[in-house]
Amino acid sequence: MIYITFPDGTVKEFEQPVDGMAVAKSISEGFAANCVAMEIDGNTMDLSLPLKKDATIRFITASDPEAVTILRHSAAHLMAQAISHIYPKAHFTIGPVVENGFYYDMDMEPVSEEDFAKIEAEMKKLVKAKIPLQRKEVSKDEALKFYANEPYKSEMISDLEDGTITFYTQGDFTDLCRGPHIPHTGFIKAFKLMKVSGAYWRGDPEKPQLQRIYGTAFFSKKELKAYLTLLEEAAKRDHRKVGTALDLFSFHDDAPGMPFFHANGMEIWNSLLAYWREEHRRAGYVETKTPLILNRVLWEKSGHWENYRENMYTVVIDETESAIKPMNCPGGMLLYRMKRHSYKDLPIRAAEIGLVHRHELSGVLSGLFRVRAFHQDDAHIFMTPDMIEEEILGVLKLVARMYSTFGLGFHLELSTRPEKSIGSDLQWEQATNGLASALDAYGADYQVNKGDGAFYGPKIDIHIKDAIGRTWQCGTIQLDMSLPERFDLSYIGEDNEKHRPVMIHRVIFGSIERFFGILVEHFAGKFPLWLAPVQVVILPINDHLVPFAAEVKDLFSAAGLRSFIDDRTESLNKKVRGAQLNKIPLIVTLGEKEKANNTLAVRTLDGKVSYGVGRDDFINAAVSNILARKLEMDVLA
RNA sequence: GCCAGCGUAGCUCAGCUGGUAGAGCUACUGAUUUGUAAUCAGUGGGUCGGGGGUUCGAGUCCCUCCGCUGGCUCCA
């Protein structure tokens with residue numbers, strides 16, 4: 001007789017032997033049919049597992065967040081089983097769950113997406129058959145014997161401890177797996193194979209290349225469909241596509257990974273930076289600028305030559321080797337060293353919109369998101385140790401302020417001392433506590449990533465969330481205990497002695513190019529008025545009204561509005577359509593009525609049209625919307 | 001860098017198993033003078049990513065280089 005406690009506190013008695021499924025059925029058959037797995041005393045396991053002693057139980061059903069992970073793991077097995085039928089020669093390696101699905105790495109003949117249909121068809125058959133997944137504990141010897149002809153599995157088993165090895169069998173397919181799994185394949189009602197790629201065994205380029213097939217799975221077709229719709233929405237917003245359509249930027253074979261910004265793109269860029277400068281000036285920053293090319297000796301001193309050499313472009317000038325800067329900090333160190341500093345001068349907040357070049361591997365380049373030349377909205381803050389908390393808090397507040405202007409939410413992560421690091425315990429403690437207490441003072445929840453800090457100091461990473469729920473790491477605040485040492489920075493303290501200042505590097509947009517790309521996707525090209533390259537398009541209704549349109553444009557220009565006249569001899573409908581497709585926030589139509597009454601007909605991107613709008617009312621509303629950098633279009637309100 | 005797929009007009013794309021390039025939009029010209037998402041007609045526009053090869057003949061096949069896209073240990 002054993003006693004099982006349920007989440008609501010009730011306790012039931014069961015005769016031995018009893019497994020999780022039987023306990024679930026004691027609630028109801030219908031409930032049991034929806035159970036995916038169970039949690040026994042906090043450990044997730046299979047429903048088929050026998051319960052041998054008193055325990056607390058919680059059933060995991062499709063609606064629990066962890067259930068989908070179990071489902072996807074089982075889906076990976078399902079795919080492997082299907083593939084073992086179609087490609088009997090395939091050797092299986094690992095098949096884990098990843099962020100939005102799962103994958104399985106297999107040593108097999110190359111497959112392409114065209115092969116997915118037949119694999120999926122086979123998977124569907126197996127789902128229909130509702131094949132149970134059965135767990136079995138095996139000894140290491142048994143396991144090795146079973147996988148005698150499977151080199152990858154044998155290798156994995158060799159790394160495992162005897163007594164902890166389990167197999168899962170579903171029909172004719174058995175896989176080494178820790179589990180847990182769903183009771184039978186019938187749960188996998190909605191799945192899709194997504195893509196195929198190459199991956200090395202254990203990620204090692206020296207080892208054999210495997211076929212990796214990615215898939216995803218959900219408990220319902222509806223959820224799968226919602227996920228696929230999200231992907232479609234993301235594809236529609238793809239900044240490379242929108243950037244081409246709106247004539248914002250381009251890439252050319254002559255400079256791979258280095259973006260060209262067009263006139264429209266530069267309007268956005270300049271508006272973005274004007275805003276950035278305004279906020280930084282207000283927050284007490286000064287702006288500096290350091291050269292693109294600096295002598296090798298400097299990079300040796302900073303440690304980049306030793307640690308970052310393979311990402312740096314170098315150039316020989318007058319027989320002296322130099323490097324194009326991949327980071328702005330060494331230049332910033334030189335500026336600090338120009339003068340003697342008193343503790344009274346600190347903190348010094350020196351910003352720099354620095355253009356950096358990094359030689360990224362050709363295969364990782366991706367639109368504006370991963371480039372070889374980009375601008376960082378960098379700043380180095382030099383301070384005394386007791387200023388850490390306040391300065392970090394200041395950066396966090398600036399971050400919050402600036403991101404909210406774009407309607408971007410964010411969360412914070414603190415990374416602490418890694419195994420390999422420089423500096424003393426005391427320094428790390430002081431630095432990490434400084435960051436943590438700033439985070440506490442700021443008041444938002446944050447996640448701690450133990451050991452994820454840089455070797456030269458702890459850091460805070462800021463992850464933003466865009467309009468369709470995707471997250472991106474943009475901002476970062478890194479405390480640096482290395483460079484002040486290497487460059488022997490100092491300030492004179494109250495005691496009239498030299499002291500080492502504390503320095504942080506911080507960025508808010510991060511890479512401006514990347515942030516630009518994120519904004520394109522976040523807004524889906526429909527920029528708020530203050531960022532829109534063209535704010536107003538003027539459509540004269542016929543050719544005779546073009547001179548009148550020019551007068552109106554002059555009024556707009558005088559007020560600082562970016563406008564242009566579409567004077568093509570095309571139909572109004574066509575010009576409206578063009579303006580809408582170009583995502584121009586305001587369309588002003590001018591006809592005889594407007595000319596007679598000195599009014600405007602104004603159409604916004606949502607298709608609403610207001611007639612008889614006063615010119616001054618319109619201009620004032622637009623200008624105040626821009627000055628306030630509003631996210632919403634309220635010009636017609 | 002490695003693997004897979006891709007590269008045809010400014011843009012989006014068609015071009016079957018090799019037979020000397022095509023559509024829509026854009027642009028330009030003319031007609032129309034338009035009241036809120038595509039007026040009509042005409043014209044222009046391509047070394048089919050570069051180079052090499054096979055062939056009587058290559059956008060199509062092969063080799064090579066370049067570029068783009070997606071991946072490249074969130075460890076059974």
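What you see below is based on every heavy atom in this structure, not just the backbone, and it leaves out hydrogens, waters and symmetry mates.
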Worksheet item: Using atom C1' of each nucleotide, how far apart are C28(B) and A9(B) to the nearest Å?
Response: 15 Å
Worksheet item: Can a salt bridge be assigned to the pair Lys153(A) and Asp175(A) using a cut-off of 4.0 Å between side-chain N and carboxylate O?
Response: yes
Practice prompt. Could you let me know what G7(B) is paired to, Watson-Crick or G-U wobble, both distances under 3.5 Å, or none if it's on its own?
Written response: C66(B)
Response to the item:
Between CZ of Arg202(A) and P of C74(B) the distance, given in whole Å, is 13 Å
Worksheet entry | Distance between P atoms of U73(B) and C3(B) (Å, rounded) | 16 Å
Item to complete: Among G67(B), G35(B), C72(B), find the nucleotide with the atom closest to the side chain of Leu572(A).
Response: G35(B)
Discussion item. Take a 6.0 Å sphere around NZ of Lys526(A) and say whether it holds more than 12 heavy atoms from other residues, nucleotides or ligands.
Written reply: no
Discussion item. Taking U8(B) as the reference, what is the distance to U12(B) when you measure between their P atoms (whole Å, please)?
Written reply: 9 Å
Worksheet item: Does U36(B) have a Watson-Crick or wobble partner in any strand here, with both distances under 3.5 angstrom, and which is it?
Response: none
Worksheet item: For atom P, what is the distance between A27(B) and A21(B), given to the nearest Å?
Response: 28 Å
Discussion item. Regarding Asp606(A) and Thr604(A), do their side chains bring together a donor and an acceptor under 3.5 Å, going by distance alone?
Written reply: yes
Worksheet item: With both distances under 3.5 angstrom, what nucleotide forms a Watson-Crick or G-U wobble pair with A41(B)?
Response: U29(B)
Worksheet item: How far does the C1' atom of G46(B) sit from the matching atom of G59(B), given to the nearest Å?
Response: 11 Å
Practice prompt. Kindly state which residues belonging to residues 358-370 of chain A come within less than 4.0 angstrom of RNA chain B, counting heavy atoms of the residue only, listed by number.
Written response: Leu361(A), Ser362(A), Gly363(A), Val364(A), Leu365(A), Ser366(A), Gly367(A)
Item to complete: Establish whether the base of U33(B) is bridged to the side chain of Thr569(A) by a donor-acceptor pair shorter than 3.5 Å.
Response: no
Worksheet item: Okay, side chain of Thr185(A), backbone of Ile131(A): is any donor-acceptor separation there less than 3.5 Å?
Response: yes
Worksheet item: Do the side chains of Tyr103(A) and Met194(A) get nearer than 4.5 Å, heavy atoms only?
Response: no
Fill in: Among G71(B), A37(B), C75(B), the nucleotide that comes nearest once only the side chain of Lys195(A) is considered
G71(B)
Fill in: C66(B) versus U47(B) - spacing of their P atoms, nearest Å
23 Å
Worksheet item: In whole angstroms, how far is the C1' atom of C3(B) from the CE atom of Met106(A)?
Response: 14 Å
Fill in: Lys593(A) NZ to U33(B) C1', straight-line distance once rounded to whole Å
16 Å
Discussion item. How many whole angstroms separate atom CZ of Arg212(A) from atom P of C74(B)?
Written reply: 7 Å
Fill in: Paired nucleotide for G59(B) [Watson-Crick or G-U wobble; both distances under 3.5 Å]
none
Worksheet entry | Counterpart base for G1(B), defined by Watson-Crick or G-U wobble contacts under 3.5 Å | C72(B)
Worksheet item: About how many Å separate CD of Glu521(A) and CG of Asp238(A), when rounded to the nearest 0.5 Å?
Response: 5.5 Å
Discussion item. Between the base of G35(B) and the side chain of Glu594(A), is one N or O donor paired with an acceptor at under 3.5 angstrom?
Written reply: yes
Contact list (N/O, under 3.5 angstrom) for nucleotides 26-29 of chain B vs protein:
{"residue": "U26(B)", "atom": "OP1", "partner": "Lys574(A)", "partner atom": "NZ", "Å": "2.8"}
{"residue": "A27(B)", "atom": "OP1", "partner": "Arg568(A)", "partner atom": "NH1", "Å": "3.4"}

Worksheet item: Starting at the 5' end of RNA chain B, which residue's closest nucleotide do you reach first, Arg372(A) or Thr589(A)?
Response: Arg372(A)
Worksheet, complete the sentence: Scanning all shown strands, the Watson-Crick or wobble mate of U20(B) with both distances under 3.5 Å is none
Item to complete: Nearest whole angstrom, please: distance from the C1' of A38(B) to the CG of Asn582(A).
Response: 14 Å
Fill in: Electrostatic pair Glu592(A):Lys595(A) at N-O distance under 4.0 angstrom
no
Fill in: Among Arg212(A), Gln211(A), His91(A), side chain to side chain donor-acceptor pair (under 3.5 Å) partner for Asp105(A)
Arg212(A)
Worksheet entry | Leu193(A) CG to A4(B) C1', straight-line distance once rounded to whole Å | 16 Å
Fill in: Residue whose closest nucleotide on RNA chain B lies nearer the 5' end, Leu605(A) versus Thr244(A)
Thr244(A)
Fill in: Asn582(A) side-chain N/O to Ile584(A) backbone N/O, donor-acceptor pair under 3.5 Å
no
Practice prompt. Please measure how far the C1' atom in G1(B) lies from the corresponding atom in C65(B), and state the result in whole Å.
Written response: 16 Å
Worksheet item: Between G35(B), A37(B), U33(B), which nucleotide has the shortest distance from any of its atoms to the side chain of Ala601(A)?
Response: G35(B)
Practice prompt. Would you please classify the geometry between the His77(A) ring and the Tyr104(A) ring as parallel, tilted or perpendicular, with 30° and 60° separating the classes?
Written response: perpendicular
Worksheet item: Between Phe369(A) and His239(A), is the gap from one ring center to the other below 6.0 Å?
Response: yes
Response to the item:
Separation of C3(B) atom C1' from Tyr214(A) atom OH, nearest Å, is 12 Å
Worksheet item: Nearest to the side chain of Tyr611(A) - U36(B), G70(B), A38(B)?
Response: U36(B)
Worksheet, complete the sentence: Ranking G67(B), U34(B), A38(B) by distance to the side chain of Asp253(A), first place goes to G67(B)
Worksheet entry | Among Phe92(A), Phe167(A), Tyr152(A), ring-ring contact (aromatic ring centres under 6.0 Å, His included) partner for Tyr147(A) | Phe167(A)
Worksheet item: Would one find a side-chain N or O of Ser571(A) under 4.0 angstrom from OP1 or OP2 of U34(B)?
Response: no
Worksheet entry | Base U36(B) to side chain Asn573(A), donor-acceptor N/O within 3.5 Å cut-off | no
Item to complete: Identify whether any heavy atom of Gly607(A) sits under 4.0 Å from a base atom; if not, whether one sits that close to sugar-phosphate; answer base, sugar-phosphate or nothing.
Response: nothing
Worksheet entry | Rounded distance in Å between the C1' positions of A14(B) and G67(B) | 23 Å
Item to complete: Measure from the side-chain heavy atoms of Arg603(A) and tell me the nearest of G67(B), U33(B), A37(B).
Response: A37(B)
Worksheet item: What integer distance in Å separates Leu539(A):CG from U33(B):P?
Response: 19 Å
Item to complete: Run the salt-bridge test on Arg237(A) and Glu233(A) with the 4.0 Å N-O cut-off and return the result as yes or no.
Response: yes
Item to complete: Mind checking Ile587(A) for me? I need base, sugar-phosphate or nothing, with any heavy atom below 4.0 Å counting as a touch.
Response: nothing
Worksheet item: When all nucleic acid strands are considered with a 4.0 Å heavy-atom cut-off, which category describes Pro96(A): base, sugar-phosphate, or nothing?
Response: nothing
